[in-house]
Amino acid sequence: MNENLHQLRCFGCGARISGAEAQPDFRCVECGDLFEVEYPGWGQRGGSDRPNPGALKWLWRERRCSSEDLDHSGVWRFRELLPILDSFGNVVTLREGDTPLYQLKRAAKALGIDQLYAKHQGMNPTGSFKDTGMTAAMSVAKERGFEWVACASTGNTSAAMAAYAARAGLKSLVLIPDGKIAWGKLSQAMDYGALTCQLKADFDGCLKLLTQIVKEAPIYLLNSVNPYRLEGQKTPAFEIAEAFDWNVPDHLIVPGGNLGNSSALGKGFREMYELGLVARLPRISVVQAAGANPLVRSLEENHGASLEPVEAHTRATAIRIGNPASWRKAVRVIQDTGGWCLDVTEAEIAIAKAELGSEGLGCEPASAVTLAGLKKLCAEGKIASNESVVLLLTGHTLKDADYTIEFHRGTLLEKVETAGYEAEISRLQRNAISVDATPAAVLAALKDRVG
Ligand code: F0G
């Protein structure tokens, strides 16, 4: 470990420890809170460890044309801002990151906003944003000599972990809620060779159990309580800033589940600001599903001072989480950047997902909460027409094809859920139709559509 460059700081009591001193569950022995990676050398202006913003911007751009393996990763291209390894020779990469930033012209027009973009993290090697965090934490696991790694998951973390473990030659253990994860994700964990245990528990129960297991066996925990995961997951913030020529967008909208991702992106923007790479922060807003909204409730009820776990229910299974581990970090990001935290209904999620699909950008249901949330923020007058907005799409549409097919067939939502949205939904539904295998029948079907 590169102990002289980084240390871990407890988010609750501020205690500082070296990376090697972390407990297997990554909780502080003093207060039980989570740690954040900190780089002490960056604080001293003029100090030799403090990165030079102008030189970094130039170097990172140059690396786009480099033939070196490490530079082909959109995470390790920014390695000066995540010096967490003793040797970059230990990096486990699948060429993650450097994901596209798409303009959303139709949604922008409908909402009366000039500049609306989607940063599509579903375009990562295993189809979700988890890859950016997994390359970082898996590299640490490998460098520290672990043979086994493990995670509890709603599906995407397990897919990413299993793939990166396979690349690193490590064994992986996955705990998932039985029957509550999308098939695409489960198939990935199996294919990449993980030991996959389906438990009669929800995500929160799986994580609790795993926390006990890692205290008893030498298994490296790869959930986002592991602070190295968040170091990788902060790099899309660098990519977004770079794409905006180091002027950050006015708003970034992120889905909220276990709340690691919003915390990581907030850290990325904050570090860029502190190092002088950008001159301001975007407002970072977090959107949850209405049936899995503990952070929304916490901020409404006590301004984020405490969080009451909820029993989570949503078809957006990726964010079906009632007791998010990183909620304190997310509260700070929202409050420090002047963002909002809001929730959206099942019908709003399904409609937003279909709208993104109709622009040629599929995504997972959990990702679509961002567009659904943006619509609400616009309706409340919280976003001005001349402001720029980036939606963070977290997962690929093929992860949960069942959801999409059910939406288009009209079997996804209950009547009570669609009340008031019937016209919007039927305008978006594109069910497949059975047609005779003759030119005349296909032409007739076409005529129906055109007419
Ligand atoms: N979107 C997708 C597609 C996800 O898979 C997740 C989380 C989130 C959003 C929420 O991110 O937890 O950092 O707030 N999935 C985890 C998993 C929990 O196990 O794959 P978060």
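Below, all heavy atoms of this structure are taken into account, side chains as well, without hydrogens, waters or symmetry copies. This chain uses plain numbering: 1 for the first residue, then up along the sequence. Read the numbers this way: they start at 1 and go in the same order the structure lists the ligands and their atoms.
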When every non-hydrogen atom of H120 is compared with those of T99, the smallest separation belongs to O-CB, 3.3 Å
Salt bridge flag under 4.0 Å for residues R328 and D33: yes
If you count the atoms of ligand 1 from 1 in the order shown, which ones are under 4.0 Å from a heavy atom of S153? 17 (C), 19 (O), 20 (O)
According to the side chain to side chain donor-acceptor pair (under 3.5 Å) rule, which pairs have a member within residues 339-351, sequence neighbours left out? N293-D343, T314-E346, R315-E346, T345-E348, E348-Y421
Looking at V286, V369, N156, the heavy atom closest to atom 3 (C) of ligand 1 belongs to N156
Do any nitrogen or oxygen atoms of K130 come within less than 3.5 Å of a nitrogen or oxygen of ligand 1? yes
Thinking salt bridges, do E271 and K234 make one under a 4.0 Å N-O criterion? yes
Tell me the closest heavy-atom pair linking Y192 and A159, and the distance in Å. CD1-O, 3.5 Å
Quick note on ligand 1: atoms under 4.0 Å from a heavy atom of N258 include exactly 12 (O), 14 (O), 21 (P)
Should the proximity of A366 to ligand 1, defined as any heavy atom under 4.0 Å, be assigned to the side chain, the backbone, both, or neither? side chain
Please say whether S158 places an N or O atom under 3.5 Å from an N or O atom belonging to ligand 1. no
Using a 4.0 Å heavy-atom cut-off, which part of K185 comes near ligand 1: side chain, backbone, both, or neither? neither
A student checking ligand 1 against G257 at a 4.0 Å heavy-atom cut-off should list atoms 10 (C), 12 (O), 14 (O), 21 (P)
Does N223 have a non-hydrogen atom less than 4.0 Å from ligand 1? no
Which residue from L393, T394, L207 reaches closest to atom 2 (C) of ligand 1 through any of its heavy atoms? T394
Polar atom proximity, S367 to ligand 1 (N or O, under 3.5 Å): no
Part of I319 within contact of ligand 1 (heavy atoms, under 4.0 Å): side chain
Y273 OH: over 12 foreign heavy atoms closer than 6.0 Å: no
If we count only N and O atoms by modelled type, under 3.5 Å, do the side chains of S139 and N90 hold a donor and an acceptor together? no
Any nitrogen or oxygen of G260 lying under 3.5 Å from a nitrogen or oxygen in ligand 1? Just yes or no. yes
Not counting sequence neighbours, list each pair that qualifies as a ring-ring contact (aromatic ring centres under 6.0 Å, His included) and has a residue in residues 143-163. F146-Y220
